[in-house]
Amino acid sequence: MNVVPIRELARHVGETVTLRGWLYNRTAKGKLVFLQVRDGSGICQCVVFKPNVSDAVFQAADKLPQESSLIVTGTVRADARAPGVPGGYELDVASLEVIQRAEEYPIGPKEHGVEFLMDHRHLWIRSSRQWAVLRVRATVMRAIREWLDAHGFIEVTTPILTPSAAEGTTTLFKVDYFDDTAYLAQTGQLYNEAGIFAFGKVYCFGPTFRAERSKTRRHLTEFWMVEPEIAFCGLDELLEIEEQFVTHIVQTCLRQNAEELKLLGRDTSRLERVVPPFPRLTYDEAIQTLQHIQAQLQAGQIVRRADGQPLQDIPDPSLLDITWGMDFGSPHETALTQLYDRPVFVTGFPTAVKAFYMQPYPDRPEVCKSADLLAPEGYGEIIGGSERISDAALLEQRLREHGLPLEPYAWYLDLRRYGSVPHSGFGLGVERTVAWICGIEHVREASPFPRLLNRIYP
RNA sequence: UCCUCGAUAGCUCAAUGGGCAGAGCAACCGGCUGUUAACCGGUAGGUUACAGGUUCGAGUCCUGUUCGAGGAGCCA
C-alpha cells in the first residue's frame, strides 16, 4: 500500500497510490461520483466511475455521508478541472474502503452563524478555511522560535501561576492556590527581566490570560504571546529587532503557506511589502496626524495616504477625538495604520498612561521610551514594548506613584541592585498576528479553541 | 460596565398595516459521464428562545428574563 500525502500528489502522477482520510464533499452525477477527500495535508478529488469499480465500491461511494473516514486507492492523474488543495490532480479510483460511515454532519457546505460554528469548533477546524488559518498559526509559531533561536535568544519559561499583578490595572483570573490566592499570568516580562541577567537575551512563549470584559474582534481571554527581553539594549535597537522579527514571521508564512493564503483569498501583495524599515512615528506626531485626519473628515474632505489612495475604512470622526495625554483607542489605531502600507511604530507615549516599568526620557520625563507596533488593515496593536527602568530608586518611585505595594516587587527591584543595565523587551500577540497575516475578520479563528468572554466550550 | 442589533425547521433565512408557518441547503427516495456550495423531480421536517400582557386573533405589538452578534472602554 503506497500511502501518499495529498500535498505531494504532484510527484506521483501515473502511479497507483492510497489516500487515507475523510470525505469533505461529494457530488454524484449518474455513473460518476466525485469524492473530495481530506487527509490533513490537503484535499484531493477522487473520481469514482461506475464501469471501473465493483458494484459494492460504487454503491459505497454513491451514498457515503460527509466526513466518513475512508481509505481509497487509485491512479493519480493531472487534470486542470480537479478542485482541491492544492488541486489540479485527482485520483482515478480503483477501490475504496469505508472505515466509518459518519452520522449526519452538522457543518454543511453552506454558510453558518458564528454561535453555531463556535459550538462546533471541534468539528469546524476540519473546514478548509479554519484548517488553513491554523496551519498559518503553526508557521507563525515556528518562525517565532526559529528567528529568536537563530539570534542568540534562550527560551526561558515563565510561570503561569503567579502571586500578583505585574501591571496593577489589568484584570486577572484568580485561582485557589491551596490556602492562598494565585493569578493566571498576563505576562512573563518581569521574570524575563530576571532571565536576561543570567542569559543576556531570553524569551518566553506561551498562553497568557486577561479577564477583561472585552467583546471585540481583537480580544481573547486566553491568547499566546511571545516576549523577548534583551540586556544592554535601548529603544532604537529594540525597534530594529522588532521589525526584523516581524518581517521574518510574515515572509516565512508567504514562503511556506502560499497555498493556505490563496485558499483564504489573502491579498499577498500587501504582505510582500512588509520589509524593514517600518515607519516610525512619535506619539506627538501621531496626535497631530489624528487631529488633522479628524478635521479633514469633519470638513467632508477625502483623506489620502502618501500614495494618493483614499482611506478605505472611514472612521466615525467623533470617535477620533483625542488630545495630548490620552492613550489610543482602536479607532485611532485603525485611522493611523491606514496611512501606511506596512506596520507602523508609535513611540514615546505619555508616561502616565503606560506601565510603571517603562523608562522615561531623561530630558522629557512626561513621555517614556515605549513603542507599540500597529498592524495594517485594522488589526491593531500586535506588539507592545519598551526600554525598562534600570535605576532602582526611580523604579521604586514609579511603583509608589502607581499605588503598587513594594513587597511583591522586592525581587524585581533586586535586579536593579546587582549589575543593572539598560534593557528592553516586547510582547507580540500571536492571534492578532495570525489574523492579520490571514486577513480574517476575528482573532477567535486564529486560535484552535479560543476562550472568549462567555465562551469556554468546547 | 455601556451603546446598537438579533433569536422562526438540523443549518442560513423569509413571512405586506396583527389574519392559513414558507424557501434554499442538509437528510431520505429517484434521474443524470466532468461536478467545483452541481442540477432536475419527489418525501419528511415547527412548543416561532423563555415568562407574562394587549387583542376576536400575536412569529409580528407591549413588559420582563435568558442567550447571542457588532462596537466602545481596556488591552496583545
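By convention in this document, chain letters (A, B, ...) are assigned in the order of the sequence lines, proteins followed by strands, and residues within each chain are numbered from 1.
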A correct 5'-to-3' footprint of nucleotides 21-27 of chain B, with B, S and - meaning base, sugar-phosphate only and no protein heavy atom under 4.0 Å, is ----SSS
Read 5' to 3' with Watson-Crick or G-U pairs under 3.5 Å, [ ] for crossing pairs and | for partners on another strand, RNA chain B gives (((((((..((((.....[..)))).(((((.......))))).....(((((..]....))))))))))))....
inquiry  = When you measure from the side chain of A/Gln45 to the backbone of A/Ala82, do you find a donor-acceptor pair of N or O atoms at a distance under 3.5 Å?
reply    = no
(Q) Suppose we call a contact any N or O donor and acceptor under 3.5 Å apart; does that hold for the side chain of A/Ser214 and the base of B/C74? (A) yes
query: Which part of the nucleic acid does A/Lys354 contact within heavy-atom distance under 4.0 Å: base, sugar-phosphate only, or nothing?
result: nothing
Pairs: protein N or O with nucleotides 32-35 of chain B N or O, under 3.5 Å:
residue: B/C32; atom: N3; partner: A/Gly30; partner atom: N; Å: 3.1
residue: B/C32; atom: N4; partner: A/Gly30; partner atom: N; Å: 3.4
residue: B/U33; atom: OP2; partner: A/Lys31; partner atom: N; Å: 3.3
residue: B/G34; atom: OP1; partner: A/Lys29; partner atom: NZ; Å: 2.7
residue: B/G34; atom: O2'; partner: A/Arg81; partner atom: NH1; Å: 3.1
residue: B/G34; atom: O6; partner: A/Arg77; partner atom: NH2; Å: 3.1
residue: B/G34; atom: N1; partner: A/Glu90; partner atom: OE2; Å: 2.9
residue: B/G34; atom: N2; partner: A/Gln45; partner atom: NE2; Å: 3.3
residue: B/G34; atom: N2; partner: A/Glu90; partner atom: OE1; Å: 2.7
residue: B/U35; atom: N3; partner: A/Gln45; partner atom: OE1; Å: 2.8
residue: B/U35; atom: N3; partner: A/Gln45; partner atom: NE2; Å: 3.3
residue: B/U35; atom: O4; partner: A/Gln45; partner atom: NE2; Å: 2.7
residue: B/U35; atom: O4; partner: A/Arg81; partner atom: O; Å: 3.2

Those residues at least two apart in sequence (or on a different chain) that pass side-chain hydrogen bond (donor to acceptor under 3.5 Å, both in side chains) with A/Asp267 are A/Ser269
Hits for salt bridge (charged side-chain N to carboxylate O under 4.0 Å, His left out) against A/Arg218, two or more places apart or cross-chain, chain-then-number order -> none
I'd like a list of close polar pairs between nucleotides 65-70 of chain B and the protein, N/O only, cut-off under 3.5 Å.
residue: B/G68; atom: OP1; partner: A/Asn454; partner atom: O; Å: 3.3
residue: B/A69; atom: N7; partner: A/Lys215; partner atom: NZ; Å: 3.0
residue: B/G70; atom: OP1; partner: A/Arg444; partner atom: NH1; Å: 3.0
residue: B/G70; atom: OP1; partner: A/Arg444; partner atom: NH2; Å: 2.9

Here the gap from A/Gln66 atom CD to A/Arg26 atom CZ, rounded to the nearest 0.5 Å, amounts to 9.5 Å
Residues pairing under salt bridge (charged side-chain N to carboxylate O under 4.0 Å, His left out) where one sits in residues 426-447 of chain A, two or more places apart or in two chains, turn out to be A/Arg137-A/Glu431, A/Arg217-A/Glu441
By salt bridge (charged side-chain N to carboxylate O under 4.0 Å, His left out), A/Arg145 pairs with (sequence neighbours left out) A/Glu155
A/Asn192 meets the side-chain hydrogen bond (donor to acceptor under 3.5 Å, both in side chains) criterion, sequence neighbours left out, with none
Practice item. May I ask you to verify whether the side chain of A/His112 and the base of B/C11 hold a donor-acceptor pair under 3.5 Å? Key: no
A/Arg398 meets the salt bridge (charged side-chain N to carboxylate O under 4.0 Å, His left out) criterion, sequence neighbours left out, with A/Glu401
Sorted by chain and number, sequence neighbours left out, side-chain hydrogen bond (donor to acceptor under 3.5 Å, both in side chains) with A/Ser128 holds for A/Tyr24
**Asked** For the base of B/C75, is there a side-chain donor-acceptor partner from A/Arg432 under 3.5 Å away?
**Response** yes
Main chain of A/Leu220, side chain of A/Arg451: is a donor-acceptor contact present, judged purely on distance under 3.5 Å? no
For A/Lys354, the side-chain hydrogen bond (donor to acceptor under 3.5 Å, both in side chains) test, sequence neighbours excluded, returns A/Asp372
